[in-house]
**Q** 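I'd like to ask some things about the structure below.
Just so it is clear, the structure is predicted and the values come from calculations on it, not from any experiment.
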Amino acid sequence: MKFIKRLFRREPSWISEEERLDIIAKSGKQVSRGVFFATVIIITSFLPVFLLTGQEGKLFHPLAFTKTFIMIVDALLVITLAPALISIFMKGKFRPDSAHPVTRTLERIYEPIIRVVLRWRKTTLAINIAALVIAIPLLKSLGTEFMPPLDEQSILFMPVTLPDISNTEAKRILQVQDRLIKSVPEVDKVLGKAGRASTATDNSPISMIETIIMLKPRDQWREGKDKEGIIRELDSLLQIPGVVNGWTQPIINRINMLSTGIRTDVGVKVYGQRLDSIASVSERVRQALEGTPGVTDLYVEPVTGGKYLGINIRRNDLARYGLSADDVNQTVETALGGAPIGTTIEGRRRFSISLRLAQDYRNSLDQIRRIPLASPAFGEVPLSAVADVELESGPPMITSDNAMLRGAVLFNVRGRDLGSTVEDAMKQLRGQEGLLPQGYFLEWSGQYENLVRGQRTLLWIAPIVLVIIFASLYFAFRSVREAFLSLITVPFALIGGAYIIWIWGANLSVAVAVGFIALFGIAVETGIVMVIYLNDAMQQLVALKGNSSATITRDDLREYVIHGAAKRLRPKLMTVCVSLFGLVPVLWAGGVGTDVMKPIVLPMIGGVLTSSTHILLVTPLIFLMTKEYELRKYGKLEIHPSGH
């Protein structure tokens, strides 16, 4: 019974309820202002993502909106719900931070390091500046691309044949290609299509073949085989005379065609006034681009070479046989194109019934010339008696952009990044003399067009975002020096991002840029937490020794800076670890979509590591040097309230 009484007996409070709530309020004020402005800065850093347009905007706007709404709610909870929960659950006696074994271990490791850093100031700053200087050319040496290639788990084979190919020959080539593709062990299903689908939005000619290749799961592939190896094997199998192979993926192909009108990764659009001149210029461009590293599946979009059946009526012969042009046109239309003679009804569906000559009677010029015409004076006469029937050359399809005729030289990029490949291709074209006649010009399109648009958007908005971040830091600390001290972590965050991207072998893209944008907010947030605790240490120093150079020595400054950096080490490391624990699992994730997610995560992981190292080691050093300068020049310290 006594044991139960002792168990439920309440010990007298070691501090009063008013004192406890006052401590919680002061602690909340100390960190809530900085955390609130850090959240505002993270939201601000995502402004460039909202200004992205086109394909990249549709892809990353949901990410930006989701993160923004989460951070807005987080900022409100920091100053409202968090203090209330702390007041409810944090009761009783608490041990100091030094009693925690993890904190003691971290401080035991960190404190000697920060003392060495504060002693070897020039060496520390030189190492950081050297690492930053090395990162700049490292970033410039990286390849560029619009978006990381998303593995759609399928392949789209888009060969192009001669524009005058017949339906029978297109059908034969399609069947041969499908059999060859199915012979590869990694191929699961094959679906080929020639010509246009039953929709007005698909303007494909009969000479363009599309074959969707579905692959088996990766665990059923031959050892050592990857997707690029399968494409190379298929390409070597499908070397058919008169057919130019093209390899892409179904989804990205449709996106490219709808957004830029180009069905490959890159296209050089040739604008002019005459189709024959556009064709000759396109051929010269193709010859100039041959052999450029990274350029594959190079071919010219046909603008000439189409075949048309021409029936030219001889007016004099029409009068001799008593026929009119309408009689000839109506007969040809009925015999070749078909004339509706009725309608069939199947349930709620209605189908028109058309009548025309059988294929055996219209599959050659001789058969067409024998089509009978009903003459009032001479009975039946052949079509050749009143008209010349022959094949004529013409454009297989007329393409125009902005009311201007255009052709295109198309190619894909494999084994190299998109940006440097196009740069080399441009150099090749600039070195050609007499390439373009007067009145003709070129335009680069496809994924490169999207790459240039995304880069321009990010370049002009990035300085504006940095200014807004700096203004937010100023309002948080009410000091230009403190704002600059937190903002300086941004370039040092670039170091880790650049190094890890270079090690991973990724290219700079819009996805990588989004990762860097997210990294800037995280780096500034951690820097704000460090500056808050350093200012708190300065307040304790001033409260103990007064704010005067006569009472405060350099050793006092150093010890209190070490105290502010080391004694609050656990919350700073928690800020870093939360980010890392949420990001690192993406690196070994698999499946569709990870190709785009990894370039976003890579700069964030590397940047968090280097920026946190900079914040833990270099920020206290710069803070100490700043305070020593203030004490030496003004005879006192500039104290910024941290919330108390």
Side-chain angles (χ1 to χ4, degrees), residues 54-56 59 140-160 210 213 226-236 238 244-270 282 285-301 407-432 442-455 501-502 504-513 595-596 598-599:
Q55 179 185 342
E56 65 273 22
L59 184 62
K140 292 185 176 180
S141 67
L142 295 174
T144 57
E145 61 188 2
F146 171 58
M147 289 292 296
L150 174 66
D151 185 6
E152 301 175 16
Q153 309 292 317
S154 59
I155 302 172
L156 180 62
F157 177 48
M158 293 188 66
V160 176
E210 296 180 1
I213 305 170
D226 57 5
K227 194 171 182 180
E228 290 296 324
I230 294 173
I231 291 176
R232 287 193 297 268
E233 182 177 351
L234 289 170
D235 191 64
S236 62
L238 297 169
V244 180
N245 294 343
W247 301 93
T248 180
Q249 299 184 99
I251 298 176
I252 191 63
N253 172 259
R254 292 304 176 195
I255 293 174
N256 288 340
M257 293 184 69
L258 290 173
S259 60
T260 64
I262 300 298
R263 57 178 177 263
T264 55
D265 293 339
V266 184
V268 184
K269 294 180 178 179
V270 182
S282 300
V285 171
R286 185 193 66 80
Q287 293 175 359
L289 295 180
E290 278 186 343
T292 303
V295 174
T296 59
D297 309 332
L298 178 65
Y299 67 94
V300 176
E301 188 177 58
V409 181
L410 309 177
F411 64 88
N412 290 316
V413 177
R414 283 201 297 272
R416 196 181 176 193
D417 66 284
L418 178 71
S420 61
T421 301
V422 175
E423 290 295 329
D424 284 354
M426 288 180 174
K427 291 179 182 177
Q428 293 283 92
L429 294 185
R430 284 195 291 265
Q432 300 291 321
L442 305 179
E443 181 183 82
W444 292 85
S445 188
Q447 290 289 310
Y448 184 74
E449 179 182 342
N450 297 329
L451 171 63
V452 173
R453 185 185 63 246
Q455 287 178 340
I501 291 172
W502 181 76
W504 202 270
N507 295 319
L508 294 177
S509 62
V510 175
V512 173
D595 303 315
V596 178
K598 287 179 181 178

**Q** Indicate yes or no for a side-chain donor-acceptor contact from T264 to the backbone of N412 under 3.5 Å, with no hydrogens or angles considered.
**A**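 No: the side chain of T264 does not pair with the backbone of N412.
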
**Q** For the pair K227 and Q249, evaluate side-chain contact (heavy atoms from CB on, under 4.5 Å) and give the outcome as yes or no after the intermediate values.
**A** CA-CA 11 Å; K227 194 171 182 180; Q249 299 184 99; 2.6 Å; yes

**Q** Mind checking the CD-CD1 spacing from E449 to I262? Nearest 0.5 Å is all I need.
**A**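 The distance works out to 8.5 Å.
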
**Q** For the atom pair CD1 (I255) and CD (Q447), what is the distance rounded to the nearest 0.5 Å?
**A**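 If we round to the nearest 0.5 Å, I255:CD1 and Q447:CD are 8.5 Å apart.
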
**Q** Drop me the distance from R254's CZ to L156's CG, to the nearest 0.5 angstrom.
**A**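 One finds 7.0 Å between CZ of R254 and CG of L156.
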
**Q** State whether R286 and E290 are salt-bridged, where the test is any N-O pair (Lys NZ or Arg NE/NH1/NH2 against Asp/Glu carboxylate O) under 4.0 Å.
**A**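 Salt bridge between R286 and E290, a charged N being under 4.0 Å from a carboxylate O: yes.
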
**Q** Using the test ring-ring contact (aromatic ring centres under 6.0 Å, His included), find all partners of W247 that sit at least two apart in sequence or belong to another chain.
**A**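 Once residues adjacent in sequence are excluded, the partners of W247 under the ring-ring contact (aromatic ring centres under 6.0 Å, His included) criterion are F157.
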
**Q** Take atom CH2 in W444; do more than 12 heavy atoms of anything else shown fall under 6.0 Å from it?
**A**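 Counting other residues, nucleotides and ligands, CH2 of W444 exceeds 12 neighbours.
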
**Q** How far does CG of D226 sit from CZ of R232, to the nearest 0.5 angstrom?
**A**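 Reported to 0.5 Å precision, the distance equals 6.0 Å.
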
**Q** Between V244 and L298, which heavy-atom pair has the shortest distance, and what is it?
**A**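 That closest heavy-atom pairing would be CG1-O, 4.1 Å.
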
**Q** With rounding to the nearest 0.5 angstrom, report the CG to CG distance, D417 to N507.
**A**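 Answer for the CG-CG pair, D417 versus N507, is 5.0 Å.
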
**Q** Going through the checks in order, is the side-chain contact (heavy atoms from CB on, under 4.5 Å) test met by L234 and I213?
**A** CA-CA 11 Å; L234 289 170; I213 305 170; 4.1 Å; yes

**Q** So which heavy atom on A408 is nearest to which on S282, and how close?
**A**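 Looking at all heavy atoms of both residues, the shortest contact is N-OG, 4.3 Å.
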
**Q** Under a 4.0 Å N-O cut-off, is there an ion pair linking D297 with R414?
**A**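 So D297 pairs with R414 through a salt bridge.
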
**Q** Distance-only, no hydrogens or angles: does the E152 side chain make a donor-acceptor pair with backbone N or O of I251 under 3.5 Å?
**A**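 Side chain of E152 to backbone of I251: a pair is present.
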
**Q** Please name all residues satisfying ring-ring contact (aromatic ring centres under 6.0 Å, His included) with Y299, sequence neighbours left out, ordered by chain then number.
**A**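 Not a single residue meets the ring-ring contact (aromatic ring centres under 6.0 Å, His included) criterion with Y299.
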
**Q** Is there a side-chain contact between V270 and L442 in this structure, where contact means two heavy atoms from C-beta onward sitting under 4.5 Å apart?
**A**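 Yes, close enough: below the 4.5 Å cut-off.
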
**Q** After noting the C-alpha distance and the side-chain angles of R263 and T248, does the key distance pass the side-chain contact (heavy atoms from CB on, under 4.5 Å) rule?
**A** CA-CA 9 Å; R263 57 178 177 263; T248 180; over 6 Å; no

**Q** Check E301 against G407 and note the closest heavy-atom contact, atom names and distance.
**A**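 The answer is OE1-C, 4.4 Å.
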
**Q** Provide the closest heavy-atom pair for L238 versus N245 in the form atom of the first, atom of the second, distance.
**A**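 Residues L238 and N245, closest heavy atoms: O-ND2, 3.0 Å.
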
**Q** Between D265 and T421, does the side-chain contact (heavy atoms from CB on, under 4.5 Å) criterion hold? Intermediate values first, please.
**A** CA-CA 11 Å; D265 293 339; T421 301; over 6 Å; no

**Q** If you measure from CG on L508 to CD1 on I501, what distance do you get to the nearest 0.5 Å?
**A**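 Between L508 CG and I501 CD1, I get 6.0 Å after rounding to 0.5 Å.
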
**Q** Quick check: does any side chain N or O of D424 sit under 3.5 Å from a backbone N or O of P293, one acting as donor and the other as acceptor?
**A**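 Judged by distance alone, no pair lies under 3.5 Å.
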
